[in-house]
Amino acid sequence: MIKKIRKYINIVILKFIYFIFSPFIKIDNKLILFSSLNGKFSDNAKYLYLKTIEETRFKAYWVAHEQKTYALLKSKNMPVLKLNYKIFITAIKSRLFITTHNYQDVFFIKNKKTNVINLWHGTPLKKMGYDSKVDAKRLHFKEKFGINEYKNIDYLCVSSRLTIPSFKSSFNIAEDKLLPTGLPRNDVLQNANADTKYAKKIKEKVKSILNTKSEKIALYAPTFRDYHVPRFDLIKNLKEIFMQNNIELVIKLHPLDKDYLYFKQINIDIQELLIASDLLVSDYSSIFFDYAILGRPIILFLYDLAAYKFQRNGFYIETESLPFLKCYNLEQINETLKTVFGLDTSKIREFGIKYNRSGCASCRIIKLMEKITKN
């Protein structure tokens, strides 16, 4: 709490400094800053940033929060800045902030002339934002202090037209700000579908890092839970079941998950893990919307369905209607693994096509960026 109060005080001070100097600051229409949650080099912002520095003349920079991320990008000669007060002038001269969560992942304040493109970080199954009591309580609390997380979004990019209603209500945002561009991170999944050599190369790379001899790889990627029930034994037993079925199970927990520290997290980009995996095991996470593009088996492990559904005020799509296998305990997981790789997955592929706009999402957003910066 003290840390947050200090942050808000610093923001007030920065806004005062901006108010004094803003008449003398000229926006640079070619300057664009990117970041993601806590400055991690990941998610949709990462893939759009890579496309931008490869194929455009924008002055694009990634804003890293940690020295590790900063050093990584610097070692690859990629344009990167470290989040601190020294980049104040650069930030308020920027024409665009591009993020996956909150624009303050890019910088603490922004110029009024700076537009924010929010790429978000998934397609919602669970109720969120103003549609969820848990999130709405937090949002309303911040509003009392004049903080509205969503009002600064100028454009919100979503995976398809089908998801517009859920984003409109959860963000309480005007529909003309919602753009069904597709998600930049899924461009690589589309590429893997079209190019088997590319997909094979990624799988070999991942298997080498995992140092596994297993023929099959499964990814377990559950969503974050607002309530915490220790799952150490559950996940340990799940891993043993997969081992008994000669399947390498990779555990990829949400970075805010309290069980995160108990299981070694492989330092592999999540999209590459999806390409390398023969099977996805998840629950209420948006990750299955992405993975469905590949048309491979998906198991939803819904051991706490009633409690989770109650906590989140329900779902935008009922789990029963999803074209995936559903398991509610470990015994069902074990039985399902015996036949999972022989099942027809055509309905999964159809689902992936339905909820993910085909083609190059990054290309569409770059066209938007070019349009904005010309005005």
Indicate if V188 and I98 have the same hydrophobic cluster label, given that clusters are the connected sets of ILVMFWY residues with side-chain heavy-atom separations under 4.5 angstrom.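 Looking at the clustering, I98 is in a separate group from V188.
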
I'd like to know if I275 and V250 are part of one continuous hydrophobic network [Ile/Leu/Val/Met/Phe/Trp/Tyr, side-chain heavy atoms within less than 4.5 Å]. yes

Identify the heavy atoms of [X] and [Y] that sit nearest to each other, and give their distance.
{"X": "L219", "Y": "S277", "result": "CB-OG, 3.4 Å"}
{"X": "S285", "Y": "A221", "result": "CB-O, 3.9 Å"}
{"X": "I247", "Y": "S214", "result": "C-OG, 4.4 Å"}

Looking at side-chain heavy atoms only, is the closest gap between [X] and [Y] below 4.5 Å?
{"X": "F351", "Y": "F289", "result": "yes"}
{"X": "Y61", "Y": "S94", "result": "no"}
{"X": "L253", "Y": "P222", "result": "yes"}
{"X": "Y308", "Y": "T223", "result": "yes"}
{"X": "D290", "Y": "Q271", "result": "yes"}
{"X": "L234", "Y": "L330", "result": "yes"}
{"X": "N313", "Y": "D131", "result": "no"}
{"X": "Y316", "Y": "M128", "result": "yes"}

Using a 6.0 Å distance limit plus a 45 degree cone around the ring axis, check whether K30 lies over the aromatic ring of F58.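 Positive - K30 is close enough to the ring of F58 and near enough to its axis.
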
Tell me whether [X] is salt-bridged to [Y], with the criterion being a basic N under 4.0 Å from an acidic carboxylate O.
{"X": "K127", "Y": "D135", "result": "no"}
{"X": "K309", "Y": "E318", "result": "yes"}
{"X": "K216", "Y": "E248", "result": "no"}
{"X": "R138", "Y": "E149", "result": "yes"}
{"X": "R312", "Y": "D226", "result": "yes"}
{"X": "D283", "Y": "R225", "result": "yes"}
{"X": "K177", "Y": "D154", "result": "no"}
{"X": "D28", "Y": "K93", "result": "no"}

Is [X] reaching over with its side chain to a backbone N or O of [Y], donor-acceptor style, under 3.5 angstrom?
{"X": "S160", "Y": "R357", "result": "no"}
{"X": "Y291", "Y": "L279", "result": "yes"}
{"X": "H65", "Y": "D105", "result": "yes"}
{"X": "S169", "Y": "S166", "result": "yes"}
{"X": "N38", "Y": "K40", "result": "no"}
{"X": "N118", "Y": "H101", "result": "yes"}
{"X": "N356", "Y": "S159", "result": "no"}
{"X": "T114", "Y": "K110", "result": "no"}
{"X": "K326", "Y": "F324", "result": "yes"}
{"X": "T100", "Y": "W120", "result": "no"}

Who passes side chain to side chain contact (heavy atoms under 4.5 Å, CB included) against R95, sequence neighbours left out?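 For R95, the residues satisfying side chain to side chain contact (heavy atoms under 4.5 Å, CB included) (neighbours in sequence not counted) are I27, N29, N115, I372, T373.
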
Which residues pass the side chain to side chain contact (heavy atoms under 4.5 Å, CB included) test with D195, sequence neighbours left out?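 Only K197, Y198 meet the side chain to side chain contact (heavy atoms under 4.5 Å, CB included) criterion with D195.
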
Would L162 and K354 count as a side-chain contact (heavy atoms from CB on, under 4.5 Å) if you check the C-alpha gap in whole Å, the side-chain angles of each, and the deciding distance to 0.1 Å? CA-CA 8 Å; L162 287 175; K354 185 178 177 182; 3.3 Å; yes

Are there more than 12 heavy atoms of other residues, nucleotides or ligands under 6.0 Å from atom [atom1] of [X]?
{"X": "K239", "atom1": "NZ", "result": "yes"}
{"X": "F21", "atom1": "CZ", "result": "no"}
{"X": "E240", "atom1": "CD", "result": "yes"}
{"X": "Y227", "atom1": "OH", "result": "yes"}

Out of curiosity, [X] [atom1] to [Y] [atom2], how far, rounded to the nearest 0.5 Å?
{"X": "L273", "Y": "K252", "atom1": "CG", "atom2": "NZ", "value": "6.0 Å"}
{"X": "R231", "Y": "N237", "atom1": "CZ", "atom2": "CG", "value": "13.5 Å"}
{"X": "L210", "Y": "I266", "atom1": "CG", "atom2": "CD1", "value": "5.5 Å"}
{"X": "K51", "Y": "I53", "atom1": "NZ", "atom2": "CD1", "value": "12.0 Å"}
{"X": "D176", "Y": "Y155", "atom1": "CG", "atom2": "OH", "value": "9.0 Å"}
{"X": "L31", "Y": "L96", "atom1": "CG", "atom2": "CG", "value": "9.0 Å"}

Assess the residue pair D269 and Y47 against the criterion (side chain to side chain donor-acceptor pair (under 3.5 Å)); give the C-alpha distance rounded to whole Å, side-chain angles, the decisive distance to 0.1 Å, and a yes or no. CA-CA 11 Å; D269 184 277; Y47 285 96; 2.8 Å; yes

Just to verify, what does [X] make a side chain to side chain donor-acceptor pair (under 3.5 Å) with, not counting sequence neighbours?
{"X": "T99", "result": "none"}
{"X": "D344", "result": "S346"}
{"X": "Y284", "result": "D304"}

Can you check side-chain contact (heavy atoms from CB on, under 4.5 Å) on I164 and V158, steps first, answer last? CA-CA 7 Å; I164 286 177; V158 300; 4.1 Å; yes

Test salt bridge (charged side-chain N to carboxylate O under 4.0 Å, His left out) applied to D278 and K207, R296, K203, the passing residue: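 One option only clears the test, and that one is K203.
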
Name the orientation class of the two ring planes belonging to F301 and Y220 (parallel below 30°, tilted from 30 to 60°, perpendicular beyond 60°).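 Rings of F301 and Y220: tilted, as their planes differ by 30° to 60°.
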
Take the angle between the ring planes of F34 and W62 and call it parallel below 30°, perpendicular above 60°, tilted in between. parallel

State, without any angle test, whether T123 and S286 hold a side-chain donor-acceptor pair at a distance under 3.5 Å.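 No donor-acceptor contact under 3.5 Å links the two side chains.
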
Between side-chain atoms of residues 331-342 and protein atoms elsewhere (two or more places apart, or another chain), which donor-acceptor pairs fall under 3.5 Å?
from : atom 1 : to   : atom 2 : distance (Å)
Q332 : OE1    : Y328 : N      : 2.7
N334 : OD1    : N245 : ND2    : 3.1
T336 : OG1    : Q332 : O      : 2.7

Before giving the answer on ring pair (Phe, Tyr, Trp, His ring centres under 6.0 Å), spell out for Y49 and F41 the whole-Å C-alpha distance, their side-chain angles and the decisive distance to 0.1 Å. CA-CA 10 Å; Y49 163 84; F41 190 53; 5.7 Å; yes

Criterion side chain to side chain donor-acceptor pair (under 3.5 Å) on D187 and S362, from CA distance to verdict: CA-CA 7 Å; D187 289 342; S362 296; 2.8 Å; yes

